[in-house]
Amino acid sequence: MYQKIMDYRNQHNRFSRFLGIKTTKIERDYAEGEVLLREDYQNTTQSIQGGLIYTLADSICGSAAFSRGKRAVTLNADFQYLRPARGTKRLFAVAQAVKAGRQVSVYNVDIFDEDKTLLAKGTFSFFHLDEDLFKEEEGAY
């Protein structure tokens, strides 16, 4: 089941797909992912734009939330940038539930570079919708 959810996330999460963010592992209330960096992702300080790092964190927490086979949406997030992302070709995210509730779950996420240096961390809250993940999407783009 987790492989099917991961495939779904990688194919249907259009914004993440556009940015090159991939979920690489899903287990119950847990996910890992990565993004291959491009020069276009650098800001004026030659480090990776914080918005991409935040989106990686949100997307991989979303994959952990989707691990239950139901849709979920982000409610809230608190995010800290600890070090600039420089001199790396890839970023990695690891998200794990702190509280796995019936309607609301909270996930911690860590962002690392290729050397396993912790670059950023956050806490994301998700609301679990009562909608099957694989239900047909009417009116979708």
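No hydrogens, no waters, no symmetry mates; every other heavy atom, side chains included, goes into these values.
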**Fill in**
Heavy-atom closest pair (Leu37 atom, Thr88 atom, distance to 0.1 Å) is CD1-O, 3.5 Å
**Request:** Would you check if the distance from the ring center of Tyr54 to the ring center of Phe124 is below 6.0 Å?
**Result:** yes
**Side-chain heavy atoms of His12 within contact of Arg14, under 4.5 Å** = no
**Request:** Indicate yes or no: does Arg90 engage Glu34 in a salt bridge with an N to O separation below 4.0 Å.
**Result:** yes
**Prompt:** Taking only residues two or more places apart in sequence, or in another chain, which ones meet Asp113 in a salt bridge (charged side-chain N to carboxylate O under 4.0 Å, His left out)?
**Reply:** none
Without placing hydrogens or testing angles, list every side-chain donor-acceptor pair under 3.5 Å for residues 95-109, not counting sequence neighbours.
residue	atom	partner	partner atom	Å
Lys99	NZ	Val104	O	3.2
Ser105	OG	Arg68	NH2	3.3
Ser105	OG	Gly101	N	3.1
Ser105	OG	Gly101	O	3.4
Ser105	OG	His128	NE2	2.7
Tyr107	OH	Asp29	OD1	3.0
Asn108	OD1	Thr123	OG1	2.9

**Asked** Who are the side-chain contact (heavy atoms from CB on, under 4.5 Å) partners of Asp130, not counting sequence neighbours?
**Response** Lys70
**Message:** Could you tell me if the side chain of Leu119 sits less than 4.5 Å from the side chain of Ile53, heavy atoms only?
**Reply:** no
**Message:** By the ring-ring contact (aromatic ring centres under 6.0 Å, His included) test, which pairs, at least two apart or in different chains, include something from residues 81-103?
**Reply:** Phe79-Tyr81
**Request:** Could you check Thr45 against Asn43 for side-chain hydrogen bond (donor to acceptor under 3.5 Å, both in side chains), going step by step and ending with a plain yes or no?
**Result:** CA-CA 5 Å; Thr45 66; Asn43 60 26; 2.6 Å; yes
**Single hit among Thr23, Asn10, Asn13 for side chain to side chain donor-acceptor pair (under 3.5 Å) with Ser63** = Thr23
**Item:** Pair Gln11, Asp7: side-chain N/O donor-acceptor within cut-off below 3.5 Å
**Value:** no
**Prompt:** Heavy-atom distance under 4.5 Å between the side chains of Thr74 and Phe127, does that happen here?
**Reply:** no
**Asked** If you link I, L, V, M, F, W and Y whenever their side-chain heavy atoms are under 4.5 Å apart, who else ends up in the same group as Leu36?
**Response** none
**Message:** What I'd like to find out is whether the side chain of Tyr30 reaches to under 4.5 Å of the side chain of Ser67, using heavy atoms alone.
**Reply:** no
**Asked** Hey, are the side chains of Gln42 and Gln49 touching, using non-hydrogen atoms and a 4.5 Å cut-off?
**Response** no
**Request:** Answer yes or no on whether Arg9 is positioned over the face of Phe66, meaning its NZ or CZ is under 6.0 Å from the six-membered ring centre and within 45° of the axis.
**Result:** yes
**Item:** Residues in side chain to side chain donor-acceptor pair (under 3.5 Å) contact with Gln46, at least two apart in sequence or another chain
**Value:** none
